[in-house]
Student: 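Below is one structure. I have some questions about it.
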Amino acid sequence: MGEIGFGLLDREMVRRITERWHQGGVGVLYVQLQDATETIVHSLGDWAQEEKRIFWHCRMNREYFFFLNRKLGGERLEDLLNSTAQELRKRIGCDDSDRSVSSLYIGISKIVPTHTGRSAETLIYNAVKEAWGEARSMSGQTDSIAAPWRDGMSLKGPGVEYYASQIGELATLIPVLPLHTRVADAARLFENDPTVLGAVVVDGTRPVGLIMKEKLHQLLAGQFGLPLYWNRSVEKVMDADPLIVEYSMPVEQVSTLAMSRHFTKLYDVVTITRNGEMAGAATIRSILEYITKLRTEAAMTANPITGLPGGQRIQQEITRRIEAGKPFSVIYADLDYFKWFNDCFGFRKGDELIRYTADSLQQVVALLGSPGDFIGHIGGDDYIMVTETEDPEALCSHLIWRFDGGVQAFYGGKEVSCVVDRSGNSIECDGVTLSLSVMQWDGSLPVTPETFSELSARLKKQAKRTRGSVYVMEKISDNSMELNGHV
């Protein structure tokens, strides 16, 4: 497939889509798996690896979003989407005529440029919403369209944005005006308190509009502003389509939506709701300052080769998840015979292999992991994944399949039959392999970040005794901790 991006409403995603939609549009394929077997999940992953037209994708639990590239002069976008959906159903063993199959629901839509001035993000969001809605209606589900953005999903996929802080953390109080409020009363509100930038118009407890002080003053300052609007309802002058986001939406995602608005709205406050009811508002300045702070902190700990977080951020991530008390798995990954590879092919090629491994981790976790999964780079050829997936074994199997399938390309056509270990011993082996040690935590047994690193050291030795790319898995228990001196 080449280099595939992942995440939703990521700036890079928007750029790639807008580059392609002038070739006749971009196709959106939404796939929902219900009660799917491991075989079906793997079949979907294999299909995605082989489908050359996919240039971006995102996964959230059992929901998958694929973005397909249409070549200029190629088949119609509608035909491409329909044939791709049919091919996928056949690939995983579901006849296209059988729409009652409970394991698979597919929705399709297209993204094409318009001349209405609507932002790229709006077009992408609406297309995703359309595809998602088609599949959900097919499955008989009618829950809110907010579902695809649930659980504080990271925008750029695991390990790129380091943690998806909720916009609700930036919520501050803002004046609220009922729909029947007169424009005159809104103007007096702004006049009496110079610190107020705007007010949210509500219908009961539900926000339905926004009035910004500066825009209201400009409206009333016009030749007929006062006589036309002074005694009218604020409903007549409010922005009826403000940016309203749910409390749990990640700050980075809100920033992307806010900055993609029409330039006349760029500095309007963002209204924040909780379960559809008013929770406060955030200014653009507070959002950008917060993101700047996050990125500065992230850059200080990021690995210069992969850009993945390391050191303190890894410790913070594991500590945060322990405090949350929810089950998760920690997967340590490292390359076997990497020193031999560096010695034979040079450090530049070594750096490329390091980046390839990091990319493989991100691609596989995006496909088979859970929203908000974390990937870190400990250093050298050592990595760490923190995931809440219920099936870390499937993730590891797919990662090994992907790594082994691509690592041969780094030998430049040279046939490798043996390597040299760190002790100088010649070992019969096809080249660099991947060792994974997996620790599953149930969310209740007392642990610390050091628990995982110490248990991993033992599992790592066990994995390296087996030739080839392997994973070794263990559930953390009182017995395993006792073996490592924790109890």
Side-chain angles (χ1 to χ4, degrees), residues 1-33 43-60 63-92 96 104-116 118-135 148 153-158 160 253 256 260 355-356 359-360 362-368 398 402 405-406 409:
M1 286 192 302
E3 184 180 353
I4 309 301
F6 52 93
L8 279 178
L9 289 182
D10 170 86
R11 289 188 182 89
E12 177 63 15
M13 169 197 179
V14 175
R15 184 186 68 80
R16 290 204 199 177
I17 287 178
T18 53
E19 283 179 350
R20 288 167 173 79
W21 69 16
H22 294 288
Q23 299 178 352
V26 168
V28 180
L29 186 73
Y30 167 79
V31 179
Q32 182 191 84
L33 300 179
S43 296
L44 177 61
D46 292 343
W47 168 83
Q49 293 284 341
E50 298 169 8
E51 177 52 68
K52 303 298 184 183
R53 291 167 296 192
I54 295 175
F55 67 91
W56 200 272
H57 72 159
C58 179
R59 177 179 184 269
M60 291 171 281
E63 297 174 278
Y64 303 78
F65 296 85
F66 299 101
F67 295 82
L68 284 73
N69 187 31
R70 175 187 179 274
K71 297 297 184 184
L72 190 62
E75 62 182 315
R76 294 172 61 247
L77 189 56
E78 293 85 351
D79 296 337
L80 182 151
L81 287 167
N82 286 321
S83 62
T84 303
Q86 183 176 357
E87 175 190 344
L88 176 57
R89 292 182 67 85
K90 290 180 179 179
R91 178 66 177 267
I92 66 176
D96 191 55
L104 174 72
Y105 299 97
I106 297 178
I108 60 176
S109 65
K110 57 184 180 179
I111 309 173
V112 293
T114 69
H115 301 287
T116 62
R118 303 177 74 188
S119 68
E121 284 81 357
T122 299
L123 295 174
I124 295 169
Y125 174 83
N126 287 337
V128 168
K129 177 180 176 181
E130 180 182 345
W132 182 83
E134 178 181 323
M153 181 191 69
S154 174
L155 284 176
K156 297 188 178 179
V160 179
Q253 185 174 335
T256 300
S260 66
R355 281 189 288 268
Y356 166 74
D359 291 342
S360 297
Q362 293 182 88
Q363 295 284 352
V364 172
V365 172
L367 190 64
L368 296 175
H398 201 78
R402 179 181 175 83

Student: Determine, for F55 and R16, whether the Lys NZ or Arg CZ falls below 6.0 Å from the six-membered ring centre while staying within 45 degrees of the axis.
Tutor: no
Student: I'd like to check the salt bridge (Lys or Arg N to Asp or Glu O under 4.0 Å) partners of R355; sequence neighbours left out, ordered by chain and number.
Tutor: none
Student: I111 versus V128: any side-chain heavy-atom pair under 4.5 Å?
Tutor: no
Student: For residues G27 and L81, report the shortest heavy-atom separation together with the two atoms involved.
Tutor: CA-CD2, 3.6 Å
Student: Would you say the rings of Y64 and W47 are close, in the sense that their centroids are separated by under 6.0 Å?
Tutor: no
Student: Taking only residues two or more places apart in sequence, or in another chain, which ones meet S109 in a side-chain hydrogen bond (donor to acceptor under 3.5 Å, both in side chains)?
Tutor: none
Student: Taking only residues two or more places apart in sequence, or in another chain, which ones meet E19 in a side-chain hydrogen bond (donor to acceptor under 3.5 Å, both in side chains)?
Tutor: R15
Student: Find the distance between NE2 (H398) and OG (S360) and round it off to the nearest 0.5 Å.
Tutor: 10.0 Å
Student: At what distance, to the nearest 0.5 angstrom, does CD of E78 lie from CD1 of I108?
Tutor: 8.5 Å
Student: Do T84 and F66 have side chains that get closer than 4.5 Å, going by heavy atoms?
Tutor: no
Student: F65 vs Y30 aromatic rings, parallel, tilted or perpendicular, using cut-offs 30° and 60°?
Tutor: tilted
Student: What distance separates L29 CG from H57 NE2, expressed to the nearest 0.5 Å?
Tutor: 13.0 Å
Student: Return the set of residues passing salt bridge (Lys or Arg N to Asp or Glu O under 4.0 Å) with D46 (not counting sequence neighbours), or none when no residue passes.
Tutor: none
Student: Output, in order, the C-alpha distance, side-chain angles, deciding distance and verdict of side-chain contact (heavy atoms from CB on, under 4.5 Å) for F67 and I17.
Tutor: CA-CA 8 Å; F67 295 82; I17 287 178; 3.9 Å; yes
Student: So, using side chain to side chain contact (heavy atoms under 4.5 Å, CB included) as the criterion, who are the partners of S83 when residues are at least two apart?
Tutor: E75
Student: Between K110 and R70, is any pair of side-chain heavy atoms under 4.5 Å apart?
Tutor: no
Student: Please step through salt bridge (charged side-chain N to carboxylate O under 4.0 Å, His left out) for the pair E50 and R91, ending with a clear verdict.
Tutor: CA-CA 11 Å; E50 298 169 8; R91 178 66 177 267; 3.0 Å; yes
Student: Please report the closest heavy-atom contact between V26 and L68, naming both atoms and the distance.
Tutor: CG1-O, 3.5 Å
